[in-house]
Amino acid sequence: MDLKQHIAKDKLPLHVALIMDGNGRWAEQRGQERIFGHENGIEAVRDTVKAAAEIGVKYLTFFAFSTENWCRPHKEVETLMDLLVKAIANETPELNENGVRLQAIGDLESLPLRCRQKLEEALELTAGNSKLIVTVALSYSARWEITHAARKIARKIAERSLNPDDIDETVFNSALETAGMPDPDLLVRTSGELRLSNFLLWQMAYTELHFTPVFWPDFRRKHFYQAIIDYQRRERRFGKVTEPETAAKNA
Ligand code: IPE
Ligand code: IPE
Ligand code: MG
């Protein structure tokens, strides 16, 4: 069955966020070290980016490394960072050719220098693209982001360039790492875990959630398309109630 045929072009999510989970368990099931799972997760990212570009999703945001992930064994963190540098270097030319812009959110200053340099090169190289915006969340956690935003706003108040009474959702949004981006319409989390693990907590107030038991290294375009189809079956109400008359008119 060609799943793509079942996707309604006029109801596409503008922004899909993904929690790529289950790499370690995928590797353990194969009697391998956890890092083997991370290595095999790269193909899943490639396939997801291609799948999104093909149907016209405009924003993809991948949770690649959380603030809390720094507490993993030193060897896993080191190898993950190296893998990241390698993947960015390998993928950037193709991303660039396909009109993909790479962005990063999170506490990038906490990344090892070699990672930051590679990342900055890739961000610069793809800065002029706009077909698809791929954002990688690195050393990211929503609580870090929100407290960081509060600090930025407090500084403006201290400098008297902002009045406390003018703080509203727009002001807060623009102090977040995701300033200028639309909120995710759909979140996909792999590996069967049913939680958000400190990802985009502010932005996901009304995001539709899709959980799949598939481990991230096995995630492919068909799973991505299944998630979109699931999303398109949902009724998004945003807390509102549609009057029967309006509903009939819109039908
Ligand atoms: C996701 O897979 C990748 C990162 C968090 C970096 P995990 O490494 O969390 O794998 P599991 O969840 O332990 O199987
Ligand atoms: C969330 O996965 C973070 C990333 C995918 C980068 P984790 O594996 O770190 O989350 P928990 O520990 O299961 O909540
Ligand atoms: Mg995990």
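Ligands are counted one by one from 1 in listed order, and the atoms in each one are counted from 1 as well.
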Are [X] and [Y] linked by a side-chain donor-acceptor pair shorter than 3.5 Å?
X	Y	value
N23	N40	no
Q203	E145	yes
W70	S139	yes

Checklist entry - For W26 and G37, which heavy atoms make the closest approach, and how far apart are they? => result CE3-CA, 3.8 Å
Checklist entry - Donor-acceptor pair, Q232 side chain versus A8 backbone, under 3.5 Å? => result yes
Checklist entry - Angle class for the F238/Y206 ring planes (parallel below 30°, perpendicular above 60°, tilted otherwise)? => result tilted
Next on the checklist: Angle between ring planes, H15 versus Y59, binned at 30° and 60°: parallel, tilted or perpendicular?
Outcome noted: tilted
I'd like to know if [X] contacts ligand 1, where contact means a heavy-atom distance under 4.0 Å to any ligand atom.
X	result
S191	no
E28	no
E193	no

Checklist entry - Can you tell me how far CD of E54 sits from CD1 of I7, rounded to the nearest 0.5 angstrom? => result 10.0 Å
Checklist entry - Can you tell me how far CD1 of I42 sits from CD1 of I88, rounded to the nearest 0.5 angstrom? => result 10.0 Å
Taking [atom] as the reference point, the nearest protein heavy atom with its distance:
atom	result
atom 9 (O) of ligand 2	N69 ND2, 3.0 Å
atom 12 (O) of ligand 2	R195 NH2, 4.5 Å
atom 14 (O) of ligand 2	S197 OG, 2.6 Å
atom 10 (O) of ligand 1	G24 N, 2.9 Å
atom 8 (O) of ligand 2	D21 OD1, 3.2 Å
atom 2 (O) of ligand 1	N23 N, 3.2 Å
atom 5 (C) of ligand 2	M20 O, 3.3 Å

Checklist entry - In terms of hydrophobic clustering (I, L, V, M, F, W, Y; side-chain heavy atoms under 4.5 Å; direct or indirect links), are I133 and L186 co-clustered? => result no
Checklist outcome for this item: Taking only non-hydrogen atoms of R189 and a 4.0 Å limit, the atoms of ligand 2 in range are 2 (O), 10 (O), 11 (P), 13 (O), 14 (O)
Salt-bridge present ([X], [Y]; N to O < 4.0 Å):
X	Y	value
K75	E78	no
D82	K86	no
K118	E121	yes

Item to check | F65 and ligand 2 - part of the residue with a heavy-atom distance under 4.0 Å | outcome: backbone
Checklist entry - Counting only heavy atoms, which portion of A64 has something under 4.0 Å from ligand 2: side chain, backbone, both, or neither? => result backbone
Next on the checklist: Does only the side chain of R72 get under 4.0 Å from ligand 1, or the backbone, or both, or neither? Count heavy atoms.
Outcome noted: side chain
Checklist entry - Ignoring waters, how many protein N/O/S atoms are under 2.8 Å from the Mg ion (ligand 3)? => result 1
